[in-house]
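Working notes for the structure below.
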Number of protein chains: 2
Amino acid sequence: MGGAFEAGGMSESAVAAAVGYDELATLKLVALDGGRSGPVKLSCSGVANRLDVSNQTASRRLQRLEEADFIDREVVADGQWITITDAGESALRQEYADYRRIFETPSVVVLDGEVTGGMGEGRHYISLPGYMEQFKDRLGYEPFPGTLNVRLGDDAVRARAGMTALDAVPIDGWEDDERTFGPATCYAASVAVGGDSYEPVHIIVPERTHHDESQLEIIAPDKLRDELDLDDGDAVTVRVEEAEYE
Amino acid sequence: MGGAFEAGGMSESAVAAAVGYDELATLKLVALDGGRSGPVKLSCSGVANRLDVSNQTASRRLQRLEEADFIDREVVADGQWITITDAGESALRQEYADYRRIFETPSVVVLDGEVTGGMGEGRHYISLPGYMEQFKDRLGYEPFPGTLNVRLGDDAVRARAGMTALDAVPIDGWEDDERTFGPATCYAASVAVGGDSYEPVHIIVPERTHHDESQLEIIAPDKLRDELDLDDGDAVTVRVEEAEYE
DNA sequence: ATTACTAAGTCACGAGTAA
DNA sequence: TTTACTCGTGACTTAGTAA
């Protein structure tokens, strides 16, 4: 930790402000040993071994934990009885909540860009019955026959790379008498401009043709330009979310 | 952390061995910002503010995280793009698993003691139909008409205090023509001796009469002395668990 | 055996500066 | 603006000792 400097300001987690993360790890160990349901008997050397530090350090960390009122201690001849206080438990819960947010929140990729021209090309393809039926079936709506194109800034182009890690809805390729039509991927998203937001929309990415990475083609049940009152050059925020499709 | 000394031995969590808990907290912050699904753009000063440390320290922590191969970084003019590596993610998952064990594992209190005489008094009471019916209904079995008594050592007497924090099965008081019989509480448990273990058993604690704290009265479907081949003075371990009863 | 104090050392800290 | 270097200070460290 190198400093009690952490004690000062208002860090993100008030938790560690009082004790530092090393102490928090020590508290976690006590909790793992059952210190939550009642007093547990521990020895500094036992804690020290499991934390891989000297017993002096273990002793001091427990002292600091006690000073911060995260544990109650009673030192006896052959060890000490430790109980985690409410404050200590809530510190642990705070950490727990953070980790839950990390692992249990569906992933999101946020992309900023601006509306750009070209309702053109996409319109023809998505209207084709071979695609349209899949949209209705797998996306749950019949898209407006046209795409909203969004040009991404440099940063968003980079962030876009994370999009491919998200679960998405596959659209199969198909063919008719004359030619074949390639598969595509639809990413669930919402489009926001100012305070207004519209969803569901989907970003459609043709699989084969290597797409212009700075361009997003968006389909939606309605004409987004009307729904969100968009003109070319307007800044929009596209939130790409984890889609549910088995 | 005050030392790269942690790097050496085999600490409980190999996670923090490589980087220390301060770095882990930094990694957590990156994950919270979405570094799991793809590159996120962060600045040292931004991280520094949220961690409540100087930007130099934030810079160093990110460097250490990169050195430990927990993140990939690309430093650009106005910040850096950070992706959490598989190693980094598994470090976070390790922590997450610890917290889940703390908060999602039913609490347990382990009590060591030795078998002591006195199948006597309890026998009469638990055989009374006013109690026996509740046992059958709420415990799910009809207890052998007698209790196994366990004398607790000094340490176990202390640890016993944590038992009252556990969820338990209430047994109501009742009365007949002649007298009233008080309520009690049944704690779900198992009894182990050597490698053998028996469950379900319940520790029965009469509510009113303030019980001898060094004595445990245990009821079970069968005669435990026979099932576990117990004699007076034998050492047994009683694991008291969270009971499910609404 | 414990916990914890003191002493001596090292690493991490923040400040300043460079690129 | 950024990131990250050098540098001096100081907190945390381990080791040894006391109770």
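Convention: sequence-line order gives letters A, B, ...; per-chain numbering from 1.
- Residue A:Arg61 places at least one side-chain N or O closer than 4.0 Å to OP1 or OP2 of D:dT13.
- Residues meeting the side chain to side chain contact (heavy atoms under 4.5 Å, CB included) test with A:Gln63, sequence neighbours left out: A:Ser59, A:Arg60, A:Arg73.
- Listed pair A:Gln63 / C:dA4 meets the phosphate criterion, a side-chain N or O lying under 4.0 Å from OP1 or OP2.
- None of A:Pro106, A:Ser107, A:Ser190 except one satisfies the side chain to side chain contact (heavy atoms under 4.5 Å, CB included) rule with A:Glu241; the exception is A:Ser190.
- When the side chain to side chain contact (heavy atoms under 4.5 Å, CB included) test is applied to A:Asp212, the partners found at least two apart in sequence or on another chain are A:Arg151, A:Ser214, A:Gln215.
- Note: CG (A:Asn55) to P (C:dA4) measures 12 Å, nearest angstrom.
- The salt bridge (Lys or Arg N to Asp or Glu O under 4.0 Å) search around A:Glu242 returns none, not counting sequence neighbours.
- A salt bridge (Lys or Arg N to Asp or Glu O under 4.0 Å) check over residues 157-166 of chain B, counting only residues at least two apart or in different chains, returns the pairs A:Glu74-B:Arg158.
- Under the 4.0 Å criterion applied to side-chain N and carboxylate O atoms, A:Lys28 and B:Glu95 are assigned as salt-bridge partners.
- In this entry the distance linking CD of A:Glu66 with C1' of C:dT3 reads 12 Å, nearest Å.
- With sequence neighbours excluded, no residue forms a ring pair (Phe, Tyr, Trp, His ring centres under 6.0 Å) with B:Tyr198.
- One can place CG of B:Leu42 at 19 Å from P of D:dT1, the figure rounded to the nearest angstrom.
- For C:dT3, the OP1/OP2 oxygens have no side-chain nitrogen or oxygen of A:Ser59 closer than 4.0 Å.
- One interatomic measurement links the two molecules: NZ of B:Lys41 to P of D:dT2, which rounds to 10 Å at whole-angstrom precision.
- Checking the phosphate oxygens (OP1, OP2) of C:dC13, no side-chain nitrogen or oxygen of B:Ser54 falls inside 4.0 Å.
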What pairs of nitrogen or oxygen atoms, one from the protein and one from nucleotides 16-19 of chain C, lie under 3.5 Å apart?
unit_1, atom_1, unit_2, atom_2, d
C:dG16, O6, B:Gln56, NE2, 3.4

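- For the pair B:Leu62 CG and C:dA12 P, the computed distance is 15 Å after rounding to whole Å.
- Residue A:Arg64 places no side-chain N or O under 4.0 Å from the OP1 or OP2 atom of D:dA11.
- Position along DNA chain D of the nearest nucleotide to B:Cys44 versus B:Arg60 favours B:Cys44 as the more 5'-ward residue.
- The nearest whole Å value for the distance from the OH atom in A:Tyr21 to the P atom in C:dA12 is 18 Å.
- In this model, the phosphate group of D:dT1 is not approached by any side-chain N or O of B:Ser43 to a distance below 4.0 Å at OP1 or OP2.
- Dashed line: the shortest gap from a side-chain N or O of B:Gln80 to OP1 or OP2 of D:dT3 is under 4.0 Å.
- Rounded to whole angstrom, the span from the CD atom of A:Glu23 across to the C1' atom of D:dT13 amounts to 12 Å.
- One interatomic measurement links the two molecules: CG of B:Leu65 to P of D:dA4, which rounds to 13 Å at whole-angstrom precision.
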